[in-house]
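The structure appears right after this line, and notes come after that.
Both counts, for ligands and for their atoms, begin at 1 and track the order of listing.
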Amino acid sequence: MEIFIDTAKLEEIEQAYSYGILDGVTTNPSLVKKIVDDLKSKGKDVSVESYIKKILKLARGTPVSLEVIGTTYKEMVEEGKRLFKKFNPVAKNVYVKIPVNPAFEEDSENMFDGIKAIKTLTKARIPINCTLIFTPEQALMAAKAGASFVSPFAGRIDDDIRKRVGVKFEKSDYFPASGWEKSGKILEDNGVVSGVDLVWQCVEIFRTYNIKTKVLAASIRNARQTREVALAGADIATLPFYVIKEMLTHYKTIEGMKSFTADVVPEYAKIVKG
Ligand code: G3P
C-alpha cells in the first residue's frame with residue numbers, strides 16, 4: 001500500500017519525505033486554511049502560490065492533490081484547468097481534487113457536476129482525485145467518470161456512526177472495523193458498518209470489475225485503522241503526520257531497545273563499532 005501524507009504543512013511534508021517511505025501528498029482547503037492561519041498568527045507573509053510550489057518540489061516524482069473550491073461544473077472545470085496549468089509545470093505531479101457531489105442539498109441541480117467535471121478534466125488529461133466519498137456507489141460513479149483516485153473518508157463515517165448513538169470520543173480513537181454494537185445490533189450507514197468497511201467495499205467492487213482507479217483511504221485517524229485499510233486492500237492511505245509517526249511505535253519496541261542497549265558488552269561493542 002502506498003502512503004501519502006495528508007497535510008499542507010511544509011515541515012511535516014519535508015520530514016516525512018526524509019524518512020523515505022512517502023509516496024505522495026494530499027491537501028484540501030481546510031488544510032490550506034490551517035497553514036495560512038498559522039503563518040498569519042506568526043506575523044509572516046503568506047504567499048499560498050509559492051508555498052504550494054514548494055510542496056510540489058518537495059514531492060517531485062510523487063502525486064500532490066490540490067482541491068478546487070467551486071460547486072458548479074463550469075467553476076470546477078475552470079479551476080481544475082487553472083490549478084493544473086499553474087502548478088503542474090513545477091514538478092509534473094499535480095492531481096486535481098474534485099468532490100464527488102458538490103451540492104449543499106440532496107437532489108440539487110448541481111449534484112452531478114462533480115462527476116461531469118471529472119469526465120471533462122480526465123479527457124483533458126488532468127489526473128483526478130475524487131474526494132468526499134461516503135458510499136461505494138459514489139466511488140463507482142467517480143471511477144466510471146475517469147478518476148485516477150477515489151478517496152473514501154473512513155474516519156468521518158466512524159464519527160458519524162458514533163455521534164448517532166451519543167458516544168463521546170477523541171478524533172484519534174479507534175473504531176472497530178467490524179462495526180459498533182448497540183443493544184445486540186451492529187450500527188450501519190446504509191450497509192456500511194465502518195470507515196474500513198467502506199474502503200473494503202470500494203476495493204471489492206473495483207476488483208470485481210477490474211477497475212483501474214485506485215482506492216485512496218482518506219480521513220484516517222490512527223495506526224490501527226491504517227493497518228485495517230491495508231488489509232482491506234486499499235491502494236493508498238493518506239495519513240496525518242501523527243499517524244505516520246504512530247505507525248512505528250510500540251512500547252515493547254522501546255523496552256526491547258532499552259534492554260539490548262543495556263546488555264552491550266565491551267567485547268561486542270568493539271567488533272561493531274570498530
Ligand atoms: O483526506 C481527507 C482528510 O483531510 C479529512 O480528514 O480527519 O478531517 O476527517 P479528517
Extract all donor-acceptor atom pairs below 3.5 Å that involve side chains of residues 257-264 and protein atoms in other chains or at least two apart in sequence.
{"unit_1": "S259", "atom_1": "OG", "unit_2": "G256", "atom_2": "O", "d": "3.2"}
{"unit_1": "T261", "atom_1": "OG1", "unit_2": "M257", "atom_2": "O", "d": "2.5"}

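No donor-acceptor pair under 3.5 Å is formed between the side chain of K57 and the backbone N or O of V90.
Atom CD1 of I69 sits in a sparse spot, with 12 or fewer heavy atoms from other residues, nucleotides or ligands closer than 6.0 Å. Surrounding OH of Y242 are more than 12 heavy atoms belonging to other residues, nucleotides or ligands, all under 6.0 Å away.
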Short N or O separations between ligand 1 and the protein, below 3.5 Å:
{"unit_1": "ligand 1", "atom_1": "1 (O)", "unit_2": "D6", "atom_2": "OD1", "d": "3.3"}
{"unit_1": "ligand 1", "atom_1": "1 (O)", "unit_2": "D6", "atom_2": "OD2", "d": "3.0"}
{"unit_1": "ligand 1", "atom_1": "4 (O)", "unit_2": "D6", "atom_2": "OD2", "d": "2.6"}
{"unit_1": "ligand 1", "atom_1": "4 (O)", "unit_2": "N28", "atom_2": "ND2", "d": "3.0"}
{"unit_1": "ligand 1", "atom_1": "7 (O)", "unit_2": "K171", "atom_2": "NZ", "d": "3.0"}
{"unit_1": "ligand 1", "atom_1": "7 (O)", "unit_2": "R221", "atom_2": "NE", "d": "3.0"}
{"unit_1": "ligand 1", "atom_1": "7 (O)", "unit_2": "R221", "atom_2": "NH2", "d": "3.4"}
{"unit_1": "ligand 1", "atom_1": "8 (O)", "unit_2": "R156", "atom_2": "NH2", "d": "2.9"}
{"unit_1": "ligand 1", "atom_1": "9 (O)", "unit_2": "R156", "atom_2": "NE", "d": "2.7"}
{"unit_1": "ligand 1", "atom_1": "9 (O)", "unit_2": "S219", "atom_2": "OG", "d": "2.7"}
{"unit_1": "ligand 1", "atom_1": "9 (O)", "unit_2": "R221", "atom_2": "NH2", "d": "2.7"}

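Nearest heavy atoms, S65 versus T26: OG-CG2, 3.8 Å.
Classified by interplanar angle (parallel below 30°, tilted 30° to 60°, perpendicular above 60°), the ring pair F149/F4 is perpendicular.
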